[in-house]
Amino acid sequence: MITAAILTRVVSSALEEDAPWGDLTSTALLPADATATADLVAREAGVFSGGDVFAAAFTLTDPTVAVDVHVGDGDVFAPGDVLASASGPARSLLTAERVALNFVQRMSGIATLTAAYVHAVEGTGVRIADTRKTTPGLRAFERHAVVSGGGSNHRYSLSDAVMAKDNHLAVLTRTGADLATALREALTRLPHTTHVVVEVDRLDQIAAVLDGGADTVLLDNFSLDDLRAGVALIGERATAEASGGVNLDTVRGIAETGVDVISVGALTHSARALDLGLDLRIG
């Protein structure tokens, strides 16, 4: 969720980074009374995300700029579509242009890639989820973009849920305690409402993880045959999640093994920024 505080903080930081002492070019070359309208135009097809962020880049630069976003987050668009417009002082529009485009191109790229994954597993009932592999400082924006594309959010941060991975389990069982007992003892130190995810990379770990109280078993880098076997072992006792080796060529086969969730780091760490442009109309 992009709160008002996060929106203002992140966009203001980006604007300050881009023009720490003002926009020398626009101030020197453009008359102070020149006005214009900037249209956000799609150069390629995609799924839109970031309307509020796009608008904030202009209004935080200059509150007199009027922004009209013509499509909603999650809407599909075609090349040539005008997605939003900003009108006001030309200096302000050009000062905010790059920051506004950077955000909306990035977010729409994530939404578009997510939509492709969601479409690939259509009819299986599987949820496509993001991971914490996000750009530092932009997690709220990028997670919002995943939802715009029809995906689901995983835990927001380390503070939101337990996710025990291989290194955690190695330390947890260092004294020789069996995994189930070690997990049960560790979970007594948590609030009873805490969701617990435990990652496994072998089928023979699943029984102990279930006995230890996992709510979700994360099957990491399993073959399709092992995913099917893992889903059978988990049954109704926990949510079955798959990760690792997921791309648009493999995701359908993974979904058809019967897992409930597929987490895909590529949604945020490998999405390509969409080609969106800002066309200026003078006057």
Task: Tyr117: partners by ring-ring contact (aromatic ring centres under 6.0 Å, His included), with sequence neighbours left out - done: none

Open item on the list: Which heavy atom of Val65 sits nearest to which heavy atom of Ala86, and what is that distance?
Closed with: CG1-CB, 4.1 Å

TODO: State, to 0.1 Å, how close Leu15 and Ala96 come at their nearest heavy-atom pair, and which atoms those are.
DONE: CD2-CA, 4.4 Å

Open item on the list: Side chains of Thr124 and Glu256 only: does a donor on one sit below 3.5 Å from an acceptor on the other?
Closed with: no

- [ ] State, with a plain yes or no, whether a side-chain heavy atom of Asn167 is found less than 4.5 Å away from one of Lys165.
- [x] no

Task: Within-4.5 Å side-chain heavy-atom neighbours: Thr216 and His195 - done: yes

- [ ] State whether Asp18 and Arg98 are salt-bridged, where the test is any N-O pair (Lys NZ or Arg NE/NH1/NH2 against Asp/Glu carboxylate O) under 4.0 Å.
- [x] no

Open item on the list: Let me confirm one number: the CG-CZ distance from Asp178 to Arg184, rounded to the nearest 0.5 Å.
Closed with: 7.0 Å

Task: Heavy-atom pair of closest approach, residues Leu280 and Ala38 - done: CD1-CB, 3.8 Å

- [ ] Check whether any side-chain N or O of Ser148 sits under 3.5 Å from a backbone N or O of His144 as a donor-acceptor pair, and report yes or no.
- [x] yes

TODO: Assess the side chains of Ser223 and Asp225: does a donor N or O sit below 3.5 Å from an acceptor N or O?
DONE: no

Open item on the list: Working to the nearest 0.5 angstrom, can you tell me the gap between Arg91 CZ and Thr25 OG1?
Closed with: 11.5 Å

Open item on the list: Looking only at the side chains, is there a donor atom on one of Thr239 and Asp260 sitting less than 3.5 Å from an acceptor on the other?
Closed with: no

Task: Closest contact, heavy atoms only, Ser263 versus Leu218 - done: OG-CD1, 4.2 Å

Open item on the list: Using modelled atom types and a 3.5 Å cut-off, is there a donor and acceptor pairing between side-chain atoms of Ser49 and backbone atoms of Gly149?
Closed with: no

Open item on the list: Among residues at least two apart in sequence or on other chains, which ones pass side chain to side chain donor-acceptor pair (under 3.5 Å) with Thr95?
Closed with: Asp23

Open item on the list: Could you check whether Arg272 pairs with Glu44 (Lys NZ or Arg NE/NH1/NH2 to Asp/Glu carboxylate O, under 4.0 Å)?
Closed with: yes

Open item on the list: With ring pair (Phe, Tyr, Trp, His ring centres under 6.0 Å) as the rule and sequence neighbours excluded, what pairs involving residues 119-141 come up?
Closed with: Phe103-Phe141

Open item on the list: Could you tell me if Thr134 and His269 have a donor-acceptor pair between their side chains, going purely by distance under 3.5 Å?
Closed with: no

- [ ] Please say whether more than 12 non-hydrogen atoms of neighbouring residues, nucleotides or ligands are located less than 6.0 Å from CZ in Arg139.
- [x] yes

Task: Sidechain-backbone polar pair: Arg127 side chain, Val261 backbone, donor-acceptor under 3.5 Å - done: no

- [ ] Under the salt bridge (Lys or Arg N to Asp or Glu O under 4.0 Å) rule, what do Arg155 and Asp130 come out as? Steps first, then yes or no, please.
- [x] CA-CA 9 Å; Arg155 61 174 179 165; Asp130 56 17; over 6 Å; no

Open item on the list: For Arg106 and Asn102, which I'm curious about, is there any donor-acceptor pair between the side chains at under 3.5 Å?
Closed with: no

Open item on the list: Just so I know, are the side chains of Val10 and Ile2 near enough to count as touching, which here means a heavy-atom distance under 4.5 Å?
Closed with: no

Task: Atom pair CG (Leu219) and CZ (Arg228), whose distance is rounded to the nearest 0.5 Å - done: 13.0 Å

Open item on the list: Heavy-atom count check: over 12 atoms from other residues, nucleotides or ligands less than 6.0 Å from Asp52 CG?
Closed with: no

- [ ] Please answer whether the main-chain N or O of Arg9 pairs with a side-chain N or O of Ser12 as donor and acceptor at a distance below 3.5 Å.
- [x] no

Task: Check: Phe77 main-chain N/O paired with Asp81 side-chain donor or acceptor under 3.5 Å - done: no

Task: Backbone N/O of Val196 and side chain of Asp215: donor-acceptor pair under 3.5 Å - done: yes

- [ ] Group every Ile, Leu, Val, Met, Phe, Trp and Tyr by side-chain heavy-atom contacts under 4.5 Å, then state whether Leu94 and Val104 land in the same group.
- [x] yes

TODO: Quick one: closest heavy-atom pair of Val209 and Val200, and the distance?
DONE: CG2-CG1, 3.6 Å

TODO: Mark yes or no for whether Asp73, through its side chain, and Gly50, through its backbone, hold a donor-acceptor pair below 3.5 Å.
DONE: yes

Task: Modelled atom types, side-chain donor and acceptor of Asp220 and Ser243, under 3.5 Å - done: yes

Open item on the list: I need the minimum non-hydrogen distance between Glu97 and Leu278, along with the two atoms involved.
Closed with: CG-CD2, 3.5 Å

Open item on the list: When you measure from the side chain of Ser108 to the backbone of Gln105, do you find a donor-acceptor pair of N or O atoms at a distance under 3.5 Å?
Closed with: no

Open item on the list: My understanding is that only one of Ile110, Thr131, Thr268, Asn153 makes a side-chain contact (heavy atoms from CB on, under 4.5 Å) with Arg143; could you say which?
Closed with: Asn153

Open item on the list: Within the 3.5 Å criterion, strictly below it, is a donor on His168 or Glu199 matched to an acceptor on the partner's side chain?
Closed with: no

Open item on the list: Between Asp211 and Arg237 (salt bridge meaning N to carboxylate O under 4.0 Å), is one present in this structure?
Closed with: yes

- [ ] Check whether Leu113 and Phe48 end up in the same hydrophobic cluster, where Ile, Leu, Val, Met, Phe, Trp and Tyr are linked by side-chain heavy atoms less than 4.5 Å apart.
- [x] no

Open item on the list: Using a 3.5 Å distance criterion without hydrogens, assess whether the side chain of Glu142 forms a donor-acceptor pair with backbone atoms of Thr135.
Closed with: yes

Open item on the list: Any side-chain to backbone donor/acceptor pair from Asp62 onto Thr59? Under 3.5 Å, distance only.
Closed with: no

